[in-house]
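Here the structure is laid out as structure tokens; the discussion comes afterwards.
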Amino acid sequence: MNKEFKAHPLMILKFIKPILFILILPIIKAVIQYFKDGTIGSFIAFEVLVFGLILFYGIMSCRAFKVYVDDKTVTVKRGFLIKQIAKIKREQISSVNSTQNPIEAIFGAVNYSINTEAGTINKADFDFKVSVNKAHELSDILLGNEEVSKVRFAALKVAIMAAATSSAFSGMLIGVPILNRAGKLLGIGLEEMFEEITHISERMETAVPPIVNLITLVILIGYAISFGYSFIKYINFRIFFGDDKLEVRSGFFVKARTAFKKKAIRNVLIIQTPIMSLLKRYSIKVSVGGFGENKSESQVVVPAASGKELKTEFFRYFSFLDAEGCTIRPLQNRDNKLRFMGWPILYMGIATAVFVTLGFVFVDFTRLFVFSGVITAIILLYYGYICLYEYKNAKLILGENICIESVKGFRTCRLYCQRKNIGQIMITRFITDKFFGTCRLRIIISSEGGDNIRIRHIKYDETIKELEKCFNMAE
């Protein structure tokens with residue numbers, strides 16, 4: 001077998017995209033000037049010539065890009081003036097990914113990437129545009145076309161995940177550039193938008209001062225943008241389980257399809273955010289070796305599911321979720337409990353003293369300080385709950401399969417992986433740890449940007465002994 005796959009014509013834009021707008025904008029401006037004034041700039045001929053040469057380069061580079069697949073290797077040929085040939089063993093391919101935005105959908109193209117565990121971190125090894133039918137054919141050849149079982153997630157579960165993972169800060173990062181561009185088109189600046197929000201907040205008759213209303217409105221708008229973006233990104237979420245591969249499809253305007261080999265999965269991370277803990281739902285992410293083009297290598301495979309659904313539908317697919325062996329937990333005594341709860345208690349005392357003092361010093365802003373103090377108290381109370389959860393439920397299971405249950409930030413997490421996928425074990429001991437005979441252990445997964453998780457205040461001697469036994473490190 002030796003199949004050839006050619007790049008889609010939209011690949012031309014990918015080649016000339018970095019300099020396309022630098023040249024095309026002056027040409028558009030010159031055309032507008034010609035129809036408006038009947039004159040043409042002196043440099044238009046030169047600009048058209050340069051644009052034509054660059055377009056010719058893009059066309060020839062697109063024609064030169066080809067992917068060949070045989071029984072053992074994938075060969076990628078590219079380059080018009082400078083030829084490049086890359087070969088990959090098919091067994092080294094960890095995942096393939098295709099995304100399609102509305103423009104690509106009109107022309108029947110997708111952006112396709114092939115990933116291995118080599119190459120640049122956070123970047124796909126090979127990234128190109130190909131027709132939809134060819135993308136499906138290429139995926140079937142590289143990862144197999146086996147019978148799979150399908151699980152579809154309702155929009156409600158996607159909404160739960162979007163609500164649980166969204167934040168006002170991320171919404172602002174997404175929304176401000178969009179609002180800025182939209183405002184320029186409509187002749188409205190960001191300052192005018194902000195003034196309108198301020199005007200609305202001042203008209204709201206509440207017990208809190210207008211500045212609090214303003215901050216609340218900004219936070220709610222940012223959160224709404226983040227929620228909408230996440231919901232649209234993961235809507236129509238489906239997962240396909242096969243014996244040797246896993247495929248995830250999602251998206252509405254921008255459709256994404258990611259398939260990876262089962263053996264490329266480095267670990268599974270079961271996450272519960274504050275909102276999910278109230279709804280008793282969990283989210284599952286997997287870390288895939290070489291999965292590129294993201295800040296991390298994680299891929300969501302379960303947006304939101306109950307504990308029962310996880311055990312009945314998903315645990316059987318990942319064999320290493322059955323972790324058995326020696327279990328190490330934080331010491332369950334009064335002193336160790338105080339070590340977990342000490343920081344929340346300390347922060348609560350400091351916050352109370354600060355806001356009470358500010359309320360007496362700046363009497364005119366008492367309502368603002370009361371409101372800020374209440375919000376701070378709620379956050380610190382949840383932080384205390386997280387620390388108490390870590391004290392009671394954190395654990396490390398050492399065996400053929402490894403499990404660590406702990407917390408990361410304000411989320412509770414359980415990490416599962418095979419023992420062979422552990423890249424680094426880091427043990428840290430502060431002065432207090434030496435006094436209590438404890439340590440802090442962090443496990444880092446062996447991969448480009450693999451997950452890591454920490455467990456605190458576990459017995460040092462027992463941990464060292466069991467690690468030596470589990471990983472055969474004893475002298």
Side-chain angles (χ1 to χ4, degrees), residues 1-15 58-59 61-79 84-119 123-152 236-265 288-293 299 301:
M1 179 192 71
N2 192 1
K3 295 284 295 185
E4 179 186 84
F5 296 88
K6 298 181 179 180
H8 191 276
L10 281 183
M11 187 78 170
I12 297 171
L13 298 178
K14 194 175 184 70
F15 284 116
I59 293 172
S61 297
C62 180
R63 287 176 59 85
F65 191 98
K66 292 181 176 64
V67 178
Y68 298 91
V69 182
D70 59 30
D71 293 331
K72 293 184 178 181
T73 61
V74 176
T75 304
V76 180
K77 295 185 178 180
R78 55 186 174 182
Q84 291 183 333
I85 298 177
K87 289 184 176 289
I88 318 166
K89 288 184 178 182
R90 285 178 55 177
E91 63 185 19
Q92 299 298 326
I93 294 174
S94 60
S95 66
V96 296
N97 176 262
S98 63
T99 57
Q100 185 185 58
N101 59 39
I103 295 176
E104 291 168 340
I106 293 173
F107 291 96
V110 297
N111 194 68
Y112 196 89
S113 62
I114 300 175
N115 300 293
T116 67
E117 293 190 55
K123 185 177 180 181
D125 297 312
F126 299 99
D127 190 15
F128 53 95
K129 294 187 186 295
V130 68
S131 66
V132 175
N133 293 334
K134 291 295 183 180
H136 293 168
E137 183 181 357
L138 182 56
S139 295
D140 290 340
I141 292 174
L142 295 179
L143 297 182
N145 187 17
E146 57 181 320
E147 292 292 329
V148 296
S149 58
K150 172 182 173 182
V151 179
R152 186 187 183 102
N236 197 27
F237 195 99
R238 293 160 291 166
I239 182 170
F240 298 82
F241 292 100
D243 293 333
D244 298 316
K245 76 171 185 178
L246 186 67
E247 184 172 329
V248 177
R249 302 178 191 175
S250 63
F252 183 70
F253 293 112
V254 178
K255 298 178 181 178
R257 179 175 178 175
T258 302
F260 39 85
K261 293 179 179 178
K262 188 176 178 180
K263 66 179 183 180
I265 297 174
V288 183
F291 182 59
E293 297 259 341
Q299 169 67 55
V301 295

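Just so we're clear, the structure is a prediction, and the values are computed from it rather than from any experiment. Numbers here are sequence positions counted from 1.
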For D140, all residues meeting side chain to side chain donor-acceptor pair (under 3.5 Å), sequence neighbours excluded:
none
Set of side chain to side chain donor-acceptor pair (under 3.5 Å) partners for K87, sequence neighbours left out
T75
If I take atom CD1 from residue I114 and atom OG from residue S98, how far apart are they, to the nearest 0.5 angstrom?
11.5 Å
Under the 6.0 Å and 45° cation-pi test, does K77 pair with F65?
no
Answer yes or no: are there more than 12 heavy-atom neighbours, outside K262 itself, under 6.0 Å from its atom NZ?
yes
Set of residues satisfying side chain to side chain donor-acceptor pair (under 3.5 Å) with respect to R63, sequence neighbours excluded
none
When you compare the side chain of F126 with that of S113, does any pair of heavy atoms fall below 4.5 Å?
no
Kindly say whether V67 contributes a backbone atom to a donor-acceptor pair with the side chain of R78 at under 3.5 angstrom?
no
Given side chains that start at C-beta, do those of F252 and N236 come closer than 4.5 Å, heavy atoms only?
no
Between S94 and F260, is there a side-chain heavy-atom distance shorter than 4.5 Å?
no
May I have the step-by-step check of side-chain contact (heavy atoms from CB on, under 4.5 Å) for V69 and F5, ending in yes or no?
CA-CA 8 Å; V69 182; F5 296 88; 4.0 Å; yes
Closest heavy-atom contact between G79 and A64?
O-CB, 3.3 Å
I141 to K3 - nearest heavy-atom pair and separation
CD1-CG, 4.0 Å
Is any side-chain heavy atom of E104 closer than 4.5 Å to one of N111?
yes
Minimal heavy-atom distance between H8 and C62, with the atoms involved, is O-SG, 3.5 Å
For a side-chain hydrogen bond (donor to acceptor under 3.5 Å, both in side chains) check, start with the C-alpha distance between Y112 and S139, then their side-chain angles and the critical distance, and finish with the verdict.
CA-CA 10 Å; Y112 196 89; S139 295; 2.9 Å; yes
Work out which heavy atom in D127 is nearest to a heavy atom in M11; give both atom names and the distance.
O-CE, 4.0 Å
Take V76 and F128 through the side-chain contact (heavy atoms from CB on, under 4.5 Å) test and state the conclusion after the steps.
CA-CA 10 Å; V76 180; F128 53 95; 5.8 Å; no
What are the two closest non-hydrogen atoms of V130 and A135, and how far apart are they?
CG1-CB, 3.8 Å
Applying side chain to side chain contact (heavy atoms under 4.5 Å, CB included), name anything that partners I103, two or more places apart in sequence or on another chain.
N101, F107
Within a strict 4.5 Å, meaning less than it, do heavy atoms of the L10 and K14 side chains meet?
no
Which residues pass the side chain to side chain donor-acceptor pair (under 3.5 Å) test with E91, sequence neighbours left out?
none
Can you tell me how far apart OG (S95) and NZ (K245) are? Round to the nearest 0.5 Å.
12.5 Å
Check: E247 and F241 side chains under 4.5 Å, non-hydrogen atoms
no
Is any side-chain heavy atom of I88 closer than 4.5 Å to one of I93?
yes
Could you go through L143 and K261, starting from their C-alpha distance and side-chain angles, then the distance that decides it, and tell me whether this counts as side-chain contact (heavy atoms from CB on, under 4.5 Å)?
CA-CA 7 Å; L143 297 182; K261 293 179 179 178; 3.4 Å; yes
Run the side-chain contact (heavy atoms from CB on, under 4.5 Å) test on N115 and V96 for me, step by step, so that the C-alpha distance in whole Å, both residues' side-chain angles and the decisive distance to 0.1 Å come before the verdict.
CA-CA 6 Å; N115 300 293; V96 296; over 6 Å; no
Residue list, side chain to side chain contact (heavy atoms under 4.5 Å, CB included) with K72, at least two apart or on another chain
D70
Quick check with a 6.0 Å cut-off and a 45 degree axis cone: is R249 positioned over the face of F240's six-membered ring?
yes
Can you tell if the side chain of T99 reaches within under 4.5 Å of the side chain of R257, non-hydrogen atoms only?
no
